[in-house]
Amino acid sequence: MESLSIAVLGAGNAGTTLANTIAVNGHDVRLWTVEDDVAEDMRSNRENTKYLPGIGLRENVRICGLEESLDGAGFIVLAVPSTVVRAMCGQIKPFLKHYQVLINVAKGIEEDTLMLMSDVIADAVGEDNHIIVISGPMIANELARGIPTAVAIAGTDEKAQNLIQKSFSTDFFKLYKNEDMVGVELGGSLKNIIAIAAGISDGLGYGSNTKSALITRGLAEISHLGAAMGGRPLTFSGLSGLGDLYTTCTSKHSRNRRFGENLGMGMNVEEARKKVEQVVEGIFATKVGYQLGKKHGIDLPITNILYGISHEGRTDVRAEMSDFMQGFNEVHF
Ligand SMILES: NC(=O)c1ccc[n+]([C@@H]2O[C@H](COP(=O)([O-])OP(=O)(O)OC[C@H]3O[C@@H](n4cnc5c(N)ncnc54)[C@H](O)[C@@H]3O)[C@@H](O)[C@H]2O)c1
């Protein structure tokens, strides 16, 4: 296999995992983080004890400065929170060469502009660089341990997609091509809203019936809104749609589900968020999902209830969930 130079920007849970996974195939992987102590820890101990404890870094994962990581890299993986992607692009723009392909794994939609991450990236760096999106049911802590994982890959350049598909795939990591970049991005961004609702259900002590109802009705919301925004309906039943939604709503690792669980157990939004100790992207997603529903005239019952809880100070989550169950009669799929 051709050996590639790949920069991974962001050495959190996802970035560190991806760097180590890509490195299985012997590529020159350069991992960069804004956090000096994390970089030092990885250099000295060959482990990221803050974000991925217990997983040794492969020999060919080099911890680099930003410029050094970008120098000659054919592929640049953006593995920072979606709220940071625009600023990150601004930081790398002065060093970017036209041939470098940007691969985004951040899941989210930009607040205020309501732009998808690929549009944010193109807006921030210009149109010269191809953009690829990798999204799907990828709990980093599982992938990092070699647990079989499959994700969707979509983008603006098929040649680059083919090369990434071949070069990143391992025995336990598979990438499935999808032509629908809008659909792939939307599934990954909107599922976090439903994951919070699924967590609330867990926190309230509800069971599998409720969880299944939330997953299927949540998928209906994502599909209706996604189709109105130009995504292909079938994409939402694929890896980056139902696949990611199922994982996020059921995994003990999902921070959005855990945030919801804390709410269901009686914490307020601030307490629930603090207890998760990491960025809860679903809180932002709920706001943009609510705004997108209004903009496109799509009824989103779960999203609307979550918006009331996380942004309008509604605290009686049991009553809110009960309202949403009543609403089941009014919508069809
Ligand atoms: N964790 C997963 O399982 C997983 C899987 C797939 C995709 N993702 C997506 O990847 C993105 C990152 O998630 P994560 O789980 O790695 O988050 P994380 O909180 O574990 O790590 C975030 C990383 O971003 C960096 N960062 C934060 N603010 C920054 C700034 N201003 N400038 C530069 N770097 C900054 C941090 O230093 C850290 O390296 C998210 O959008 C998430 O949805 C996560």
Side-chain angles (χ1 to χ4, degrees), residues 7-22 31-42 48-53 55 57 61 63-66 69-70 76-92 103-111 116-118 120-121 124 132-145 147 149-153 168 173 175 184-193 195-196 239-240 243-245 247-259 273 276-285 288:
V8 179
L9 308 183
N13 198 226
T16 312
T17 296
L18 274 169
N20 229 22
T21 305
I22 295 164
L31 181 56
W32 171 82
T33 172
V34 72
E35 294 171 272
D36 291 340
D37 53 336
V38 173
E40 189 42 46
D41 178 35
M42 292 192 292
N48 185 339
T49 48
K50 178 170 176 186
Y51 291 104
L52 197 64
I55 304 289
L57 292 178
V61 175
I63 314 307
C64 297
L66 185 59
S69 68
L70 298 174
I76 300 167
V77 179
L78 299 169
V80 291
S82 54
T83 46
V84 173
V85 165
R86 185 180 286 279
M88 189 75 246
C89 288
Q91 236 180 307
I92 64 175
I103 304 173
N104 176 52
V105 300
K107 294 172 178 171
I109 296 166
E110 191 173 54
E111 261 192 271
L116 297 175
M117 282 302 115
S118 59
V120 169
I121 295 166
I132 302 287
V133 174
I134 291 178
S135 190
M138 193 193 93
I139 297 282
N141 290 320
E142 294 187 6
L143 177 61
R145 287 170 172 77
I147 289 177
T149 301
V151 294
I153 174 169
F168 285 22
F173 186 48
L175 298 95
V184 167
E185 286 191 90
L186 276 172
S189 307
L190 299 172
K191 52 106 196 194
N192 285 333
I193 306 170
I196 297 176
L239 284 166
S240 57
D244 204 358
L245 181 65
T247 297
T248 321
C249 288
T250 57
S251 170
K252 66 179 189 314
H253 295 295
S254 162
R255 62 186 76 164
N256 294 286
R257 195 206 59 77
R258 280 190 285 129
F259 167 72
R273 200 191 53 72
V276 173
E277 286 179 342
Q278 292 159 309
V279 179
V280 180
E281 287 179 312
I283 300 176
F284 306 108
V288 297

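Just follow the structure's listing: the first ligand is 1, and inside any ligand the first atom is 1.
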For Glu142, give me all partners under salt bridge (charged side-chain N to carboxylate O under 4.0 Å, His left out), at least two apart in sequence or on another chain. none

Checking Ser82 now: which residues fulfil side chain to side chain contact (heavy atoms under 4.5 Å, CB included) with it, not counting sequence neighbours? Ala106, Met117, Glu281

Using a 4.0 Å cut-off on heavy atoms, what residues surround ligand 1? Order them by chain and number. Gly10, Ala11, Gly12, Asn13, Ala14, Trp32, Thr33, Val34, Glu35, Tyr51, Ala79, Val80, Pro81, Ser82, Val84, Val105, Ala106, Lys107, Met138, Ile139, Ala140, Arg255, Glu281

Indicate the atoms forming the closest heavy-atom contact of Thr248 with Arg257, along with that distance. O-CB, 3.4 Å

Charged N-O contact under 4.0 Å between Lys50 and Asp37: no

Verdict with reasoning, Asn13 to Leu52, per side-chain contact (heavy atoms from CB on, under 4.5 Å): CA-CA 6 Å; Asn13 198 226; Leu52 197 64; 3.7 Å; yes

Val276: side chain to side chain contact (heavy atoms under 4.5 Å, CB included) partners, not counting sequence neighbours: Arg255, Arg258, Phe259, Asn262, Gln278, Val280

